[in-house]
Amino acid sequence: MGTSVRTIRLLRRGIFHLAVTAFALVMLYPMLWMLSSSLKDTTEIFVNSHQLIPSEWSFDNYVTGFKGFAGISFSVFFKNSFIITILSVLGTVISSALVAYGFARIRFKFAPFWFACMMLTMMLPAEVLMIPQYILFHKIGWINTFLPLIVPSFFGGAFFIFLIIQFMRGIPRELDEAAVIDGCGKYRTFAMVILPLLTPPLITTAIFKFYWTWDDFFSPLLYLNSPKLATVSLAIKNFSDPTMKTDWGAMFAMSVLSIIPIVVVFFLFQRYIVDGISTTGLKG
């Protein structure tokens with residue numbers, strides 16, 4: 001009896017792992033296809049699109065793709081993306097933490113009203129804000145600069161503020177009171193007591209903001225006109241030219257390189273993503 005039960009358990013476990021592996025392969029297939037296409041000759045990509053292993057390996061696509069276009073190397077586009085992404089992440093983390101501290105720890109007039117207004121901003125579609133923001137940035141001369149992509153991040157994000165507030169509510173207020181007794185003001189209490197305890201939600205905020213900013217295509221398309229200011233996502237799109245022959249091999253090669261930072265960040269900080277979301281969700 002014991003042997004048969006063990007066999008059934010092993011069989012169920014094997015079926016489960018087989019199903020999960022098959023599902024993972026289905027999810028990874030587009031990335032595998034893109035990687036395979038980046039190593040094929042351009043004339044072979046769509047002729048043998050069903051074949052993942054190239055008939056002839058072509059690493060020249062990476063060399064050609066990295067040369068960029070219009071005399072601009074792809075390293076310039078990577079530099080632009082890193083500048084925008086890193087500054088946006090820093091701005092979002094700092095500002096969201098400060099605003100969350102104000103809502104969670106400081107009592108001020110009409111706090112519930114302002115909190116509700118902040119939460120309502122998450123329900124506004126981006127299309128509603130697009131035209132007013134563009135007009136504003138055009139009036140102050142920020143078009144064709146990185147400023148429209150970076151400066152708004154220094155005013156916090158409603159989703160990240162809410163995330164940090166939920167975590168902060170689980171931190172005992174006795175710590176704040178002890179800091180006040182020791183002579184700390186609000187800012188010093190935040191910097192010396194609260195901020196070191198916010199590591200999980202702050203890292204979660206940084207990771208998600210990194211993903212969303214690095215992958216953003218529409219905002220750079222809207223505000224950046226000069227090819228020298230283009231981000232990676234915008235530059236990859238520019239490889240495809242309907243009026244001329246598109247170098248698909250080089251485009252796929254640069255697409256592969258563009259996801260490397262995201263993959264690296266995910267594998268380095270995946271534990272913090274799970275910890276940040278799970279611990280935040282448990283706070284009442």
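Count residues from 1 along the sequence.
Note that the CZ atom of Phe190 and the CG atom of Leu98 stand 4.5 Å from one another [nearest 0.5 Å]. Taking CE of Met27 as the reference point, atom CG of Leu32 lies at 12.0 Å (rounded to 0.5 Å). From Asp182, atom CG reaches atom CZ of Arg188 across 8.5 Å, with rounding to the nearest 0.5 Å. Between the CD1 atom of Ile171 and the OH atom of Tyr101 there is a distance of 10.5 Å, given to the nearest 0.5 Å. Rounding to the nearest 0.5 Å gives a distance of 10.0 Å between CG of Asp215 and CD1 of Ile259. Atom CG in Leu10 sits 11.0 Å away from atom CD1 in Ile15 (nearest 0.5 Å).
A heavy-atom distance below 4.5 Å is not found between the side chains of Phe146 and Leu87. Between Ile236 and Phe77, every side-chain heavy-atom pair lies at or beyond the 4.5 Å cut-off. In this structure the side chain of Ser36 reaches within 4.5 angstrom of the side chain of Pro54, judged on heavy atoms. With contacts defined as side-chain heavy-atom distances shorter than 4.5 Å, the pair Pro148/Gln133 does not qualify. Looking only at side-chain heavy atoms (C-beta outward), Tyr211 and Ile262 come within less than 4.5 Å of each other. Counting only heavy atoms from C-beta outward, the side chains of Val20 and Phe16 approach each other to under 4.5 Å. Using a 4.5 Å heavy-atom threshold, the side chains of Pro261 and Phe82 count as touching. Residues Pro200 and Phe167 are in side-chain contact: their nearest non-hydrogen atoms beyond the backbone lie under 4.5 Å apart.
The nearest pair of heavy atoms linking Gly156 to Ser95 is N-OG, 2.9 Å. When every heavy atom of Ala104 is checked against every heavy atom of Arg173, the shortest pair comes out as O-NH2, 2.8 Å. Between His17 and Arg13, the shortest heavy-atom distance links the atoms ND1-O, 2.8 Å. The nearest pair of heavy atoms linking Ser96 to Gly157 is OG-N, 3.3 Å. Contact between Gly185 and Thr189 at its shortest, heavy atoms only, is O-OG1, 2.7 Å. Closest non-hydrogen pair, Phe252 versus Ser37, comes out as CD1-CB, 3.6 Å.
Counting only distance, with no hydrogens or angles, the side chain of Thr231 and the backbone of Pro220 share no donor-acceptor pair below 3.5 Å. Using modelled atom types, no side-chain atom of His138 and backbone atom of Tyr134 make a donor-acceptor pair closer than 3.5 Å. Between the side chain of Thr199 and the backbone N or O of Pro196 there is at least one donor-acceptor pair closer than 3.5 Å. Thr121 places a side-chain N or O within 3.5 Å of a backbone atom of Met118 that can act as its donor or acceptor partner. Remark: the backbone N or O of Ser38 is paired with a side-chain donor or acceptor of Asn61 at under 3.5 angstrom.
In the displayed structure, Met119 atom CE is contacted under 6.0 Å by more than 12 heavy atoms of other residues, nucleotides or ligands. The neighbour count for Ile53 CD1, taken as heavy atoms of other residues, nucleotides or ligands under 6.0 Å away, does not exceed 12. With a 6.0 Å radius and a threshold of 12 heavy atoms from other residues, nucleotides or ligands, Met130 has its CE atom above the threshold. Heavy atoms from other residues, nucleotides or ligands lying under 6.0 Å from CZ of Phe46 number more than 12.
Using bins of under 30°, 30° to 60° and over 60° for the plane-to-plane angle, the ring pair Trp57/Phe59 lands in the parallel bin. Using cut-offs of 30° and 60° for the angle between ring planes, the Phe137 and Trp142 rings count as parallel. Ring geometry, Phe66 versus Phe74: the interplanar angle falls from 30° to 60°, so the pair is classed tilted.
Linking ILVMFWY residues whenever their side-chain heavy atoms come closer than 4.5 Å, directly or via other members, leaves Leu25 and Leu35 in distinct clusters. Val89 and Leu198 end up in the same hydrophobic cluster when Ile, Leu, Val, Met, Phe, Trp and Tyr side chains are linked at under 4.5 Å. The hydrophobic cluster containing Met254 does not contain Leu221, counting ILVMFWY residues as joined when their side-chain heavy atoms lie under 4.5 angstrom apart, directly or transitively. Residues Met122 and Phe155 do not share a hydrophobic cluster, defined by chaining ILVMFWY side chains whose heavy atoms lie under 4.5 Å apart. In terms of hydrophobic clustering, with Ile, Leu, Val, Met, Phe, Trp and Tyr side chains grouped at heavy-atom distances under 4.5 Å, Val232 and Leu222 are assigned to different clusters.
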Residues Tyr29, Leu52; criterion side chain to side chain contact (heavy atoms under 4.5 Å, CB included); working and verdict: CA-CA 9 Å; Tyr29 181 80; Leu52 286 181; 4.0 Å; yes
Chi angles and distances behind the side chain to side chain contact (heavy atoms under 4.5 Å, CB included) call for Asn144, Tyr223: CA-CA 5 Å; Asn144 204 31; Tyr223 295 116; over 6 Å; no
Side chain to side chain contact (heavy atoms under 4.5 Å, CB included) between Phe266 and Ile207, worked out: CA-CA 8 Å; Phe266 174 77; Ile207 293 170; over 6 Å; no
Side chain to side chain contact (heavy atoms under 4.5 Å, CB included) evaluation trace for Leu175 with Leu197: CA-CA 11 Å; Leu175 296 176; Leu197 300 176; 3.7 Å; yes
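Side-chain heavy-atom separations under 4.5 angstrom define the hydrophobic clusters, and the remaining members of the one that includes Leu120 are Met123.
Note: Trp114 and Phe108 fail the aromatic proximity criterion, with ring centroids not under 6.0 Å apart.
Exactly one residue among Phe208, Trp214, Phe210 makes a ring pair (Phe, Tyr, Trp, His ring centres under 6.0 Å) with Trp212. That residue is Phe208.
The salt bridge (charged side-chain N to carboxylate O under 4.0 Å, His left out) contacts involving residues 83-112 comprise Arg105-Asp176, where partners must be two or more places apart or lie in separate chains.
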